[in-house]
Amino acid sequence: MIQKKKPEGVSVGQQMNRTGIGASPKDGKKMVEAAVADEAAPVDGKKATSMRRFYLEESDAIGTMPPPTTVKGAAKTVKEALTGTKATVLIDKVAERMAFERTGTRLYEAILTKHEVLGSFDGGPSAEDLKHIRDEEFEHFVMLKKTLEELGADPTVMTPSADLAGVEGMGLGQVLGDPRTTLAQGLHALLVAEVADKAGWELLIALAQDLGQTQLVERFRKADAQEHEHTRMVGGWLAAHTSAAAKVV
Amino acid sequence: MSLDIFKDRGVPLDEQRFTWRELVQPPYSKLDDDAFTRVRVILMNGIESEQNRFLHALARLNRDLRLAAARVRRVDHHQQTLVNWLNPPDQSALETTIGFEQVAIEVTAAVAQKEPDEYLAQVYRFGLLEDFDHLYRYSALMDRVEGKDANNILQSYSDIRPGRPTAVEHRAPEDDLRRPYDRKKASPLTKLNALTIMAGENQTHDYYMTVGPTFADPIARQLYAEIASIEEQHVTQYESIIDPDETWLEKWLLRECNEVWNYWSCVESEDDPRIQRIWQRMLDYELGQLHFVADLFKQVERRDPAEVLPQTLPDPIPYVSQRDFVRATLAEVPFRAVKEEIGQLQDSAATTAYRQHMNSEGAPSEAIAAGYVWQPGTELAARR
């Protein structure tokens, strides 16, 4: 039987979480008495470390950065033109943020569908709240795409950092896409995304400052302020939800 | 519920159809459903997968049977989809892997105890001890790389401890072949047991080959490569116990019967009413397919299906913990296989040379589980 979504996260009726050892008092004891090690293999961790060491030393990078496509264009639009390693580092991190904001837009679209069907809770978000954040995520994506073009980069490239941002976020989409998760459970995934996003913007601003990109710093600060607001909003909804849930129980 | 496969005709093949929504139903709950619900889902996905594999081979080698095979196979494909899609999205590939090994342990142990042919019962016990060890190695991987407890999946039904060490399971191909049963003398249960375990092991192999490269950790990638290799050996072993002289239609008819028997076993043991209704529907479809193939058998081979099918189905497969039997079987860990024989034997020169080479740069199953002792809540929970 599938756990119904109300009340959230609490067992109802005859359903029971069976994952813990306490759910099987007799069999659980047998599990513990049976557990022994492979006598032929002592704990030393050396074999595991040595295997990993080989791959750590021999593996190539995840991938590389492509050369800028329009160097001429870059010189025109970015005041303090960048070249070489500096440009590559900046482009990789801008592309990372762009990928994150693009996925973030889709995550908010997913929660909007959940919200439309399941409704909200006391102290929870309205559809307008969620649309507002979704729209800002989208605007950030558009702004970063433009930034990449101004830097002479191809915004359709998946850079190494953009790729890893996608890997890091894999669980978020799983939580939001699952029809069994509640609005609050989806919001928790979004909180993880927002906190990571906020930290990502701070790093990007620091990098742009280091590279003397004052125009970009100004642009990024506006987005960063909005991300702080997103984090505060999502965190507030979740706090209201957990507080109400604890009172009910 | 008793079942008479000659009288119960199920749903006619022409009426077996699905919508996309029917194919994609809400999954079982990883947290709340009984572990044996997952075991049944994993095994039945394997049974359907085997039917698809078999009917493709049949169609490629039998001009006149291509249409009949295509019709039955289309339904089997959709049945497999419906069953496999019952796995929930919060269940990771490694968690599903733990489920696969629980299938291999509990179902093989159940089959081994009911198998009337002592030689084949020995073959099942031999394979069982190897899958039992895989569970220990994968549990160590889950604990030490992901920080998770494999018993969240096993629900205390299956012990986590070493079996025949995976590193010594590697054998030369000639030591993985067994003696097939004789199609004219073997009991129907012997044939159904063999088809069931072969199907389960083949799907296990295919699953590890699919998910292995999705892992990042080098030892995880190596462990899946190592255990997938053993599953390839197991498929070799289990397909070799089936009489290769059965005709194509005889094999098809037996497979339909095996699907009926397996779904019936699921219906009988399922405690989730929604999933039980799915098993019942699949059973009714399989009965229809069995009669479709029985008619084909009569037309093409001019033989009575009763020559091949059991008069009454064997008892359903019991879906309960086989802990005591598995523990007793651990006494056979030192057994080795040489050609078709299993027992207290010395490995063949071919196996020794093969194994030494494969393990010469280290065995991941040893590296990941060095000194591993399962603890409730992971080994970190026991550390102060």
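In the text below, chain A, chain B and the rest are named by the order of the sequence lines, each starting its count at 1. All values derive from a computational prediction rather than experimental measurement.
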Fill in the blank from the handout: The interface call for K46(A) against chain B, heavy-atom contacts under 4.5 Å, is neither
Problem - Pairs where residues 159-170 of chain A contributes a residue and the test side-chain hydrogen bond (donor to acceptor under 3.5 Å, both in side chains) is met, not counting sequence neighbours - result: D92(A)-T159(A), D92(A)-S161(A)
Problem - H230(A) NE2: over 12 foreign heavy atoms closer than 6.0 Å - result: yes
Handout entry: For chain A, which residues of residues 82-97 of chain B have heavy atoms nearer than 4.5 angstrom
Key = P88(B), P89(B), D90(B)
Fill in the blank from the handout: Given the options R323(B), Q375(B), Q155(B), M31(A) meets side chain to side chain contact (heavy atoms under 4.5 Å, CB included) only with R323(B)
Exercise for the section: Using non-hydrogen atoms and a 4.5 Å limit, figure out which bit of I160(B) sits close to chain A: side chain, backbone, both or neither. Expected result: both
Practice task
Starting at NZ of K30(A), measure out to CG of D324(B) and round the result to the nearest 0.5 Å.
Solution key: 5.5 Å
Practice task
Mind ranking A367(B), S156(B), A216(B) by heavy-atom pairs under 4.5 Å with chain A and telling me who comes out on top?
Solution key: S156(B)
Problem - Residue pairs fulfilling side-chain hydrogen bond (donor to acceptor under 3.5 Å, both in side chains) with at least one residue in residues 54-66 of chain A, sequence neighbours excluded - result: Y55(A)-Q222(B)
Practice task
Kindly say whether D32(B) contributes a backbone atom to a donor-acceptor pair with the side chain of N17(A) at under 3.5 angstrom?
Solution key: no
Exercise for the section: Could you check if a side-chain atom of M51(A) sits within less than 4.5 angstrom of a side-chain atom of I368(B), using non-hydrogen atoms only? Expected result: no
Practice task
Report, as yes or no, whether the 6.0 Å neighbourhood of atom CZ on R106(A) holds more than 12 heavy atoms from other residues, nucleotides or ligands.
Solution key: no
Handout entry: Region of V326(B) that comes under 4.5 Å of a non-hydrogen atom in chain A
Key = neither
Handout entry: Heavy atoms from other residues, nucleotides or ligands near CG of L164(A) exceed 12 (cutoff 6.0 Å)
Key = yes
Practice task
Take atom CZ of F325(B) as the centre, draw a 6.0 Å sphere, and report whether it contains more than 12 heavy atoms from other residues, nucleotides or ligands.
Solution key: yes
Completion exercise
For V373(B) and V36(A) the tightest heavy-atom approach is CG2-C, 4.1 Å
Exercise for the section: Evaluate whether atom CZ of R53(A) has more than 12 neighbouring non-hydrogen atoms of other residues, nucleotides or ligands under 6.0 angstrom away. Expected result: no
Handout entry: Between CG on residue D149(B) and OG1 on residue T19(A), distance to nearest 0.5 Å
Key = 9.0 Å
Exercise for the section: Check salt bridge (Lys or Arg N to Asp or Glu O under 4.0 Å) between R144(B) and all other residues, then give those that pass, not counting sequence neighbours. Expected result: E379(B)
Problem - Residue S158(B) versus chain A: region with a heavy atom under 4.5 Å - result: backbone
Problem - E33(A)/R161(B) salt bridge by N-O under 4.0 Å criterion - result: no
Problem - SB check D271(B) R18(A) (cutoff 4.0 Å) - result: yes
Practice task
Step by step, work out the side-chain contact (heavy atoms from CB on, under 4.5 Å) result for I21(A) and N151(B).
Solution key: CA-CA 8 Å; I21(A) 199 158; N151(B) 197 38; 4.2 Å; yes
Handout entry: K198(A) atom NZ, over 12 foreign heavy atoms within 6.0 Å
Key = yes
Fill in the blank from the handout: If one checks every heavy atom of A363(B) against chain A at 4.5 Å, the contacting part turns out to be backbone
Fill in the blank from the handout: Comparing A48(A), A35(A), A34(A) against chain B, the one with the most heavy-atom pairs below 4.5 Å turns out to be A34(A)
